[in-house]
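The next block holds one structure in the form of structure tokens; read it before the comments.
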Amino acid sequence: MSADVNPFESLQSQIDEAAAHMDVADDVVERLKHPERVLETNLTVERDDGTLERFKAFRSQFNGDRGPYKGGIRYHPHVSREEVKALSGWMVYKCAIVDIPYGGGKGGIAIDPAEYSETELERVTRAFAAELRPLIGEDRDVPAPDVNTGQREMNWIKDTYETLENTTAPGVVTGKSLSSGGSEGRVEATGRSTVIAAHEALEYLGREIEGATVAVQGYGNAGSIAARLADERGARVVAVSDSSGGIRSDDRLDPRAVKSHKEETGSVVGYPDADSELTNEELLTADVDVLIPAALENAIDGDLAEDVEADLIVEAANGPLTPRADDVLAESEVTVVPDILANSGGVTVSYFEWVQNRQRFHWSEERVNDELETMVVDAFDALTDAYENHGAEDFRTAAYVVAVQRVVDAYEESGTFPGA
Ligand SMILES: NC(=O)C1=CN([C@@H]2O[C@H](COP(=O)(O)OP(=O)(O)OC[C@H]3O[C@@H](n4cnc5c(N)ncnc54)[C@H](O)[C@@H]3O)[C@@H](O)[C@H]2O)C=CC1
Ligand SMILES: O=C(O)CCC(=O)C(=O)O
């Protein structure tokens with residue numbers, strides 16, 4: 001794990017790599033590498049004991065050429081301006097590769113939620129929602145869950161916004177609980193697209209998901225569900241980890257039982273049916289067919305990449321590989337399905353949620369999952385088409401060639417506003 005690689009610079013170099021294979025003017029590319037605006041704010045919130053505490057919070061609106069800014073809100077002690085800028089940029093290209101009508105945004109609060117009570121977290125969330133209120137809206141900027149946030153936080157944001165605006169606007173935020181206007185399938189969507197992407201990539205490589213061995217780093221929303229759905233498609237999940245460490249089985253871990261163990265104890269570590277424990281580094285270099293990083297950025301840097309044994313990496317997390325890791329893995333012929341495609345299920349089902357909210361209509365889980373599968377498979381086909389026909393040297397560059405072109409088209413077709 002490399003803490004000194006700036007994820008925003010990684011994003012910029014990914015855009016440059018793609019642009020090198022495209023016919024786009026340098027000044028247009030430059031515009032695609034910087035956020036349109038970033039809110040940086042201090043939330044002062046009362047603790048349960050009556051004292052006040054200050055939290056730094058951010059929302060980056062990276063690019064709105066294709067529609068409202070869209071992207072999650074993260075609660076983590078390491079949230080920073082640079083991280084939020086990178087994450088918001090990745091959202092732009094993620095929405096473009098799956099061709100949903102959104103731009104990209106991302107937000108976060110520098111907080112370790114494990115240190116606060118539920119009532120404190122509600123006050124922090126509502127304080128942030130009040131700061132965000134002038135910037136967000138169903139057609140302006142639509143937040144969603146990310147690391148350490150979920151339905152509960154989204155419900156609070158929706159309620160704060162609707163109360164302050166004196167309206168009903170369920171589509172102001174996605175990832176809500178079902179009774180607050182959420183969609184079937186949203187909780188599973190990120191893990192689901194990860195497994196669809198793994199399936200497609202293995203097939204492209206002439207292999208099958210059935211019987212493939214899988215290691216998953218990070219056992220939260222994205223990782224635990226990817227593990228379960230991979231298992232349901234016949235893969236063998238043999239190693240998983242979280243921030244406390246990892247576990248391995250010589251045969252097969254039962255992803256549902258591991259999840260129950262984590263819910264009961266707080267970690268996957270100590271799961272009774274594991275054969276051994278392993279460190280996160282050992283997990284990332286395990287000899288498996290498929291590696292799914294599903295934790296945070298920069299999990300695999302250039303040095304660690306030298307030791308990766310997997311044949312295929314499917315990025316459930318955003319930005320888990322540094323640019324140097326990408327180069328090393330390309331040299332070793334490890335195939336990487338990039339985050340902007342692999343984890344696009346989350347925002348795609350967020351889009352379905354938003355559509356349902358706007359129509360005041362509810363889709364079945366079957367419909368959500370079918371439409372998601374179609375969109376991820378179509379995006380994968382667009383990626384492989386660019387890979388085969390644009391000289392892109394890896395899947396990430398191919399995905400960016402498709403996505404950047406779609407953003408450029410929207411920008412150029414909109415013409416120039418007088419005075420701009
Ligand atoms: N939740 C969503 O809908 C989406 C999430 N993502 C991305 O997926 C990744 C994970 O997000 P979620 O699953 O939502 O978060 P989460 O908060 O539900 O889970 C994160 C997991 O990562 C583990 N973790 C943290 N640091 C770790 C480390 N150094 N080594 C191993 N494990 C570590 C945590 O223990 C936890 O199990 C993030 O990169 C996020 O941006 C991407 C698209 C959508
Ligand atoms: O569901 C969404 O709008 C965005 C989820 C997200 O933050 C992501 O894809 O990284």
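First listed ligand is number 1; within each ligand, the first listed atom is number 1. Numbers here simply count residues along the sequence, with the first being 1. Worth saying up front: this structure is predicted, and the values here are computed from it rather than measured.
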From the options [options], select the one whose nearest heavy atom is closest to [atom].
{"atom": "atom 10 (C) of ligand 1", "options": "A294, S267, A317", "answer": "A294"}
{"atom": "atom 34 (C) of ligand 1", "options": "S243, S344, G71, A144", "answer": "S243"}
{"atom": "atom 2 (C) of ligand 1", "options": "T190, N343, V216", "answer": "T190"}

Between [Y] and [X], is there a side-chain donor-acceptor contact under 3.5 Å, judged purely by atom types and distance?
{"X": "T190", "Y": "N343", "result": "no"}
{"X": "E208", "Y": "H199", "result": "no"}
{"X": "S267", "Y": "Y219", "result": "no"}
{"X": "Q12", "Y": "D16", "result": "no"}
{"X": "T41", "Y": "K56", "result": "no"}
{"X": "T322", "Y": "N298", "result": "no"}
{"X": "T119", "Y": "S117", "result": "yes"}

Going by distance only, is there an N or O of [X] that falls short of 3.5 Å from an N or O of ligand 1?
{"X": "G223", "value": "no"}
{"X": "R74", "value": "yes"}
{"X": "N221", "value": "yes"}

Those protein residues which place at least one heavy atom below 4.0 Å from ligand 2
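Answer by chain and number: K70, G71, G72, M91, K94, K106, A144, P145, D146, R186, N318, G346, V347, S350.
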
Check ligand 1 against [X] and write out every atom of the ligand that is under 4.0 Å from a heavy-atom position of the residue.
{"X": "R186", "result": "3 (O)"}
{"X": "Y219", "result": "21 (C), 37 (O)"}
{"X": "G218", "result": "22 (O), 23 (C), 32 (N)"}
{"X": "A222", "result": "8 (O), 13 (O)"}
{"X": "N148", "result": "17 (O)"}
{"X": "N318", "result": "6 (N), 7 (C), 39 (O), 40 (C), 41 (O), 42 (C)"}
{"X": "N280", "result": "30 (N), 31 (C)"}

Contact between E297 and ligand 1, counting heavy atoms under 4.0 Å?
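In this structure, E297 fails to qualify as a contact of ligand 1 - no heavy atom is under 4.0 Å.
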
Would the number of heavy atoms belonging to other residues, nucleotides or ligands and lying under 6.0 Å from CD of E263 be above 12?
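Check passes, neighbour count above 12.
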
Pairs of donor and acceptor atoms involving the side chains of residues 223-231, under 3.5 Å and at least two apart or interchain, shall be tabulated with distances.
residue: S224; atom: OG; partner: G220; partner atom: O; Å: 2.6
residue: R228; atom: NH1; partner: E232; partner atom: OE2; Å: 3.4
residue: D231; atom: OD1; partner: R252; partner atom: NE; Å: 2.8
residue: D231; atom: OD1; partner: R252; partner atom: NH2; Å: 3.2
residue: D231; atom: OD2; partner: R252; partner atom: NH2; Å: 3.2

Would you mind telling me if ligand 1 is within reach of the side chain of P320, the backbone, both or neither, using heavy atoms under 4.0 Å?
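Answer for P320: neither.
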
Proximity of A316 to ligand 1 by residue part, where a heavy atom lies under 4.0 Å
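It is the backbone that touches ligand 1; the side chain stays farther off.
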
Salt bridge or not for D339 and K94, using N-O below 4.0 Å?
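Here D339 does not pair with K94 in a salt bridge, since their nearest N and O are not under 4.0 Å apart.
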
Do F395 and Y387 have their ring centres less than 6.0 Å from each other?
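Between Y387 and F395, which both carry aromatic rings, the centre distance is below 6.0 Å.
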
List in chain and number order the residues that pass ring pair (Phe, Tyr, Trp, His ring centres under 6.0 Å) with F8, two or more places apart in sequence or in another chain; answer none if no residue qualifies.
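Ring pair (Phe, Tyr, Trp, His ring centres under 6.0 Å) check on F8 returns nothing, list empty.
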
Is the Lys NZ or Arg CZ of R31 less than 6.0 Å from the centre of Y411's six-membered ring, within 45° of the axis?
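Positive - R31 is close enough to the ring of Y411 and near enough to its axis.
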
Taking only residues two or more places apart in sequence or in another chain, which ones pass side chain to side chain donor-acceptor pair (under 3.5 Å) with D112?
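For D112, no residue satisfies side chain to side chain donor-acceptor pair (under 3.5 Å) once neighbours in sequence are set aside.
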
